Amino acid sequence: MQAVVDAPCSTYSWTGEDDTAHQMALPFSLPLGNTTYDTAYVTTNGTLTFGAPDANFSSYPNTPSISLAGYDWVTFGQGAQLSYGVNNTGLCILWDVRPYPQSTGELTHIKLTVDISTYPSWSGVVESTGWLPANLRRGVRFAPNTDVVTISEAFTVDGGLPVEMQPCWDGSVIPLASACPPEPTPTPTPESTPTSTPEPTLSPEPTPTPEPTPEPSEIVSPTPTPSSSESSFPIPEEPDPSPTELPALDLGSPLEEVIPEEFPILTPEPSALTMDPFVPPVDEPSIADVLVAAYEDTAIPADVFEASGLDYEDLPPDQLITLDNGVVLTAEIADALEIFESPSEILETIFIDPRKAFKAISNVGADLPADVRKTAQQGTVAVILVGQVIVGGVTASIARR
């Protein structure tokens, strides 16, 4: 891109570039390490190389070089440029750049000023404003394949090694090993002696006089006032009505002749409603329903069940019942075990309701305490065996017929 003539530090200028190196026309030579160079190159990535162009953007160039603000910079967009200018005492390089690949946004301004007035040594000062990355590269490589020597914003190249510089209070920049001129001592301003303020004396607080405790007065019990539900007037007792004797009814006589005059027949007056609305009767719960609801999660006590006058069949099959001996059974099993009250009932149940008989046989002794259950089961089994023999005989008799 064609160079543009500009003011000092911008004699030559380029824009719209990335990873580009430009040869600088120098009226003097610069020593670096053991070599003096007549040719230098300025790159868009904040470096100055000697002897050959090297626009490395990701690390320090391997050629002899000085990295002033090494990073992947570009001169894209409005205001971005790389420029330089020279005179007999040094040179100036300006970078107005953005990080790759941005072409808009804030510019980072970097300026290098080189002073050769102390030739053959020479010094440089780097100034920068705007955004700088944390991994900015700043150092000198004196020869290819040698280590980079770190530099600061102010440095001096003398005898092949950079000498770091330091700014002083008066604006001068001197080698770091030298001492800045002493600063003038300011005349101290006399401090005023503060006048001590006497601390206030605290007055004793008065002790409060306790108030006399009032003696309890006589508590007067209030006279009870009759509640609104109690009447202040006596209610006279109604005399017992004497029964009125009615004459014998003659069912064959007209109704007017049968009913006495003191009981006249009243004829209802016509009304807009000829019939009262029908109110369905409400079924009242049975005793069994009340018991089941009251003992839904527990067994019905024996005395309560006996007082109800119900039978086990009146309850749901899984309703728990407490027997007189304290054993708890379901209503279904308790009803089945009732057949053991007599041998005849066992036989009758076997013929009429075999399922109930089987339920009773399967729960033999369930209604007894554990200590007497075994003896009862043995006796019951004997009765059942007799019943089976009888049933077998009856069955054979029916088969012969």
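Owing to the predicted nature of the structure, the values given are computational and were not obtained by experimental measurement. Basis for what follows: all heavy atoms, side chains included, without hydrogens, waters or symmetry-related copies.
The list of ring-ring contact (aromatic ring centres under 6.0 Å, His included) pairs with a residue in residues 297-323, not counting sequence neighbours, reads F305-Y312. For residues 101-111, the side chain to side chain donor-acceptor pair (under 3.5 Å) pairs, not counting sequence neighbours, are D96-H109.
With a 4.5 Å cut-off on side-chain heavy atoms, D19 and D72 count as touching. Looking only at side-chain heavy atoms (C-beta outward), F50 and P31 stay at 4.5 Å or farther from each other. Looking at heavy atoms from C-beta onward, V42 lies out of side-chain contact with L112 at the 4.5 angstrom threshold. With contacts defined as side-chain heavy-atom distances shorter than 4.5 Å, the pair N56/N62 does not qualify. Between I93 and M24, some side-chain heavy-atom pair lies under the 4.5 Å cut-off. Residues P99 and Y71 form a side-chain contact, since some pair of their non-hydrogen atoms from C-beta on lies under 4.5 Å apart. In this structure, the side chains of T11 and V86 stay at 4.5 Å or more apart for every pair of heavy atoms. Side chains of W73 and I110 form a contact here, defined as non-hydrogen atoms less than 4.5 Å apart.
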Steps toward side chain to side chain contact (heavy atoms under 4.5 Å, CB included) verdict (T146, R141): CA-CA 7 Å; T146 59; R141 192 186 299 275; 3.6 Å; yes
L82 and T15: CA distance, side-chain angles, deciding distance, side chain to side chain contact (heavy atoms under 4.5 Å, CB included) verdict: CA-CA 6 Å; L82 169 60; T15 186; over 6 Å; no
Working for side chain to side chain contact (heavy atoms under 4.5 Å, CB included), residues S123 and T118: CA-CA 8 Å; S123 62; T118 59; 5.6 Å; no
Check against side chain to side chain contact (heavy atoms under 4.5 Å, CB included), D18 and F57: CA-CA 9 Å; D18 177 30; F57 68 91; 5.8 Å; no
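Considering all non-hydrogen atoms of both residues, P64 and Y37 come closest at CG-OH, 3.4 Å. Summarising the geometry of A331 relative to L315, their closest heavy-atom pair is CB-CB, 3.9 Å, with the distance given to 0.1 Å. Closest approach of N87 and P27 over heavy atoms only: O-CG, 4.1 Å. Minimum interatomic distance between P61 and D54 (heavy atoms only, all atoms of both residues): CB-OD2, 3.5 Å. Of all heavy-atom pairs spanning V97 and Q81, the tightest one is CG1-O, 4.4 Å. When all heavy atoms of I116 and G90 are compared, the pair lying nearest together is CG1-N, 3.8 Å.
Note that CD1 of I321 is 4.0 Å distant from CD1 of I300, once rounded to the nearest 0.5 Å. Atoms CG and CD, from L94 and E127 in turn, are 9.5 Å apart once rounded to the nearest 0.5 Å. From S128, atom OG reaches atom CZ of R138 across 5.5 Å, with rounding to the nearest 0.5 Å. Atoms CG and CG, on L30 and L48 in that order, are 8.0 Å from each other to the nearest 0.5 Å. Going from atom OG1 of T44 over to atom CH2 of W95 covers 10.0 Å, rounded to the nearest 0.5 Å. Atom OG1 in T75 sits 9.5 Å away from atom CZ in R98 (nearest 0.5 Å).
Under the 3.5 Å distance criterion, with hydrogens and angles disregarded, no donor-acceptor pair is assigned to the side chains of N45 and T47.
Judged purely by atom type and a 3.5 angstrom limit, D314 uses its side chain to pair as donor or acceptor with the backbone of D311. Remark: the backbone N or O of T63 is paired with a side-chain donor or acceptor of S65 at under 3.5 angstrom.
Under the side-chain contact (heavy atoms from CB on, under 4.5 Å) criterion, P301 pairs with Y295, D303, V304, sequence neighbours left out. Residues that satisfy the side-chain hydrogen bond (donor to acceptor under 3.5 Å, both in side chains) test with Q319, not counting sequence neighbours, are absent from this structure. Take S308 and apply the side-chain hydrogen bond (donor to acceptor under 3.5 Å, both in side chains) test, not counting sequence neighbours, and it matches no residue. Residues forming a side-chain hydrogen bond (donor to acceptor under 3.5 Å, both in side chains) with D353 (at least two apart in sequence, or on another chain): none.
Counting non-hydrogen atoms of neighbouring residues, nucleotides and ligands closer than 6.0 angstrom, the CD1 atom of I287 reaches no more than 12 such neighbours. Atom OH of Y100 is surrounded by 12 or fewer heavy atoms from other residues, nucleotides or ligands within 6.0 Å. For D147, the CG atom is loosely surrounded, since the number of other residues' heavy atoms within 6.0 Å does not exceed 12. By the 6.0 Å contact criterion, CD on Q23 is enclosed, its count of non-hydrogen atoms from other residues, nucleotides or ligands being greater than 12.
Aromatic ring pairs are classed by plane angle as parallel below 30°, tilted from 30° to 60° and perpendicular above 60°; the pair Y84 and Y12 is parallel.
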